[in-house]
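Note that the structure is predicted; figures quoted are calculated from it, not measured.
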Amino acid sequence: MSSTAAVRHGVIPSYLLARLAESGRFPKAAAAARQTLTAGRPPFRARIDLSIDENGDLVAQLSDAPNRTISDAGNTQQLPGAIVRGEDDAPVEDAAVNEAFDGLGATFEMLLAAFGRNSLDDAGAPLDATVHYGVDYDNAFWDGERMVFGDGDGEVFQGFTASLTVIGHELAHGVVQHTANLEYQGQPGALNESIADVFGALTEQYALGQTADQASWLIGAEIFTDAVEGAALRSMIAPGTAYDDDELGKDPQPDHMSGFVRTTEDNGGVHINSGIPNRAFALFARDLGGNAWERAGTVWYRALTGGLSDTATFTEFADATVSAAEAIDRATVAAARRAWTAVGVYEDERVPSAD
């Protein structure tokens, strides 16, 4: 299997930064985008849950707990930076530190509650993050070992720690790294990005207690300033509609295989073509109804962790989700086939008969 540990999985795609780098309307943001594009790459814990049983006796149960450490790069590009908050520390005055800490915790809780997964490696791996990376750095990324947050330029992008979907997305690259380890190129790379978006959306929905119908299905809704004509970085339910701005251009994501983009940029369009499996998941979750992290999320998670090839295509992943759905019930199988047909990965639903 190929290694992805050295790959920077940034939430802001290079094509968007390249467009911003040429902006005349946002000079500070243009300079920040150029700088961001050229920048270099940079123990098990448990908690006791107490309850009272039907006899009035105190019951103590051990459960998995996160082990978070937040560091501050001090606007340098030196990692990891100085430790500013650990797992047992109280909140600090720096909002970015606290937002990162809370976001790591929310992602941990979703993985544990939805999938029984103990951190990114399912073995209690520490969750480390660095804030205030670089000067006006326009991205957040997973570097194979930790989450790293820039502060944004203030004209187009603002602090990335405020977006729970961004945090869940980037940490999900760690889950992918420890499971199928999908190579970061072409369709496997687009699946890598899409699965990260799925986990980012599920993290937000779990934290807010939202059903699939209530959710916005937006990724990075908090990272644009008010100067940008756009709702978010991506829309899972409606790829291609997240933003349409004079300087940034229009969201280029397709929502169907008929619009699949063949390009040598963006590692073969990993951030662009991820819109196709993104929409498949959102449609699948809405079709099933209820909480997306339950049946829909379980199917996607089992497909990811069930022996998926690191070079999996959209069709191979779709087949893996259908196989995972078969372990639930026929209605889930049918919903999965409908979703992949709606985005053109399957030519027809091939729904099994009711016999």
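- Screening residues 214-224 for salt bridge (charged side-chain N to carboxylate O under 4.0 Å, His left out), with sequence neighbours left out, gives no hits.
- Closest non-hydrogen pair, Ala232 versus Phe224, comes out as O-CE1, 3.2 Å.
- Rounding to the nearest 0.5 angstrom, the gap separating the CG atom in Leu248 from the CD atom in Glu229 is 10.5 Å.
- A side-chain donor-acceptor contact under 3.5 Å links Glu155 to the backbone of Lys28.
- Partner Leu202 forms a side-chain contact (heavy atoms from CB on, under 4.5 Å) with one of Phe281, Tyr301, Trp300 and no other, that one being Phe281.
- By the side chain to side chain contact (heavy atoms under 4.5 Å, CB included) test, Ser216 is found to be paired with Glu204, Leu218, residues two or more places apart in sequence or in another chain being considered.
- Salt-bridge check for Arg85 with Asp94: failed, with every basic side-chain N at 4.0 Å or more from each acidic carboxylate O.
- No side-chain donor-acceptor contact under 3.5 Å links Asn181 to the backbone of Asp310.
- Enclosure of atom CD in Glu326 by more than 12 non-hydrogen atoms of other residues, nucleotides or ligands within 6.0 angstrom is indicated.
- Partners of Glu294 according to the side chain to side chain contact (heavy atoms under 4.5 Å, CB included) rule, which considers only residues two or more places apart in sequence or in another chain, are Asn291.
- For Pro239, the side chain to side chain contact (heavy atoms under 4.5 Å, CB included) partners at least two apart in sequence or on another chain are Gln253, Asp255, Arg279.
- Scanning for ring pair (Phe, Tyr, Trp, His ring centres under 6.0 Å) contacts around Phe260 gives an empty result, with sequence neighbours left out.
- For the 3.5 Å distance criterion, the side chains of Asn273 and Asp266 fail to qualify, holding no donor opposite an acceptor.
- Side chain of Asn192 to backbone of Leu182: a donor-acceptor contact under 3.5 angstrom is found.
- Contacts of Tyr206 classified as ring pair (Phe, Tyr, Trp, His ring centres under 6.0 Å), with partners at least two apart in sequence or in another chain: Trp293.
- With salt bridges taken as basic N to acidic carboxylate O contacts below 4.0 Å, one links Asp197 and Arg234.
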